[in-house]
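The next block holds one structure in the form of structure tokens; read it before the comments.
Small disclaimer: the values here were computed from a predicted structure and weren't measured.
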Amino acid sequence: MGKTEVLLFVNGGGVREKIAAAAEETDEGGVHAFRFCADGAEFSFRFGGTAVIERSGGIAYRIELDPSRTTYTEIVTEYGFLPAGVKTLRSEISRKNGFYFKGEYELLFEGYAQRHELSLFAHIRERRQKQ
């Protein structure tokens, strides 16, 4: 599909982030995806039957947001690995005036839960029709 602009807002684990980046947008086999780089990390957001969020860099993880079940992840840091369950609280997509995803989930660590929220906005450019 091409290039687009994305805004990512993340809040959780004591971190609040806002990222604006140029992204590669694809739509293949019913999976809509955005890939982009920011602050030394690579991000991938894929939306099909579930939402899958991947990050690589100094911190790496793969989180699947599935409202019907608890999924599992392993967060990789410079200090080691943190296994966690992922309980999806919200996973919504709107395609009005672009592409908007709102996700809320809890990371379930041994003995405590940590709530996270994220929003991804993508500007969908009008595509010219061939004449």
Would a distance-only check, ignoring hydrogens and angles, find a side-chain to backbone donor-acceptor pair under 3.5 Å from T88 to R90?
no

Do V10 and F99 sit in one hydrophobic cluster, given that two such residues count as connected whenever their side-chain heavy atoms are within less than 4.5 Å of each other, even indirectly?
yes

When every non-hydrogen atom of A84 is compared with those of F109, the smallest separation belongs to CB-CE2, 3.6 Å

Atom CD1 in I63, atom OG1 in T50: separation rounded to 0.5 Å?
12.5 Å

Within one Ile-Leu-Val-Met-Phe-Trp-Tyr cluster: L108 and L118, side-chain cutoff 4.5 Å
no

Distance col, row L89:CG vs K102:NZ, nearest 0.5 angstrom, shows 11.0 Å

Applying a strict under-4.5 Å side-chain criterion to I, L, V, M, F, W and Y, I'd like to know whether I93 and I53 cluster together.
yes

Following the transitive rule for hydrophobic clusters with a side-chain heavy-atom cut-off under 4.5 Å over Ile, Leu, Val, Met, Phe, Trp and Tyr, establish whether I75 and Y105 coincide in one cluster.
yes

Main chain of F9, side chain of S119: is a donor-acceptor contact present, judged purely on distance under 3.5 Å?
no

E74 and L82, any side-chain heavy atoms less than 4.5 Å apart
no

Heavy-atom donor-acceptor pair, S91 side chain to G103 backbone, under 3.5 Å:
no

Does anything in residues 39-57 pair up under salt bridge (charged side-chain N to carboxylate O under 4.0 Å, His left out), and if so which pairs, sequence neighbours excluded?
R46-E54

Which is it for V6 and L120 under the side-chain contact (heavy atoms from CB on, under 4.5 Å) test, yes or no, and what are the steps along the way?
CA-CA 7 Å; V6 295; L120 177 77; 4.0 Å; yes

In short, E64 meets T71 closest at the heavy-atom pair O-OG1, 2.7 Å

For a quick test of reading the model, state the closest non-hydrogen atom pair linking F36 to A22 and the distance between them.
CB-O, 3.4 Å

Does any part of the side chain of V52, heavy atoms only, come nearer than 4.5 Å to the side chain of V31, both counted from C-beta?
no

Just verifying a value: how many Å separate R115 CZ and E106 CD, rounded to the nearest 0.5 Å?
6.5 Å

Of all the heavy-atom pairs spanning I19 and A38, show the shortest one and how long it is.
CG2-CB, 3.4 Å

Would a 4.5 Å heavy-atom cut-off, applied to side chains only, mark E17 and L8 as touching?
no

Say you draw a straight line from OH of Y112 to CG of L107; how long is it, rounded to the nearest 0.5 Å?
8.5 Å

Pair E25-R35, side-chain contact (heavy atoms from CB on, under 4.5 Å): steps then yes or no:
CA-CA 7 Å; E25 178 187 8; R35 290 178 181 78; over 6 Å; no

Quick one: closest heavy-atom pair of N11 and R16, and the distance?
OD1-CG, 3.3 Å

What's the separation between atom CZ in R62 and atom OG in S44, rounded to the nearest 0.5 Å?
9.5 Å

Among F34, Y100, F101, ring-ring contact (aromatic ring centres under 6.0 Å, His included) partner for F121:
Y100

Aromatic centroids of H32 and F47 separated by under 6.0 Å:
no

Check K87 with E104, please: is the shortest side-chain N to carboxylate O separation under 4.0 Å?
no

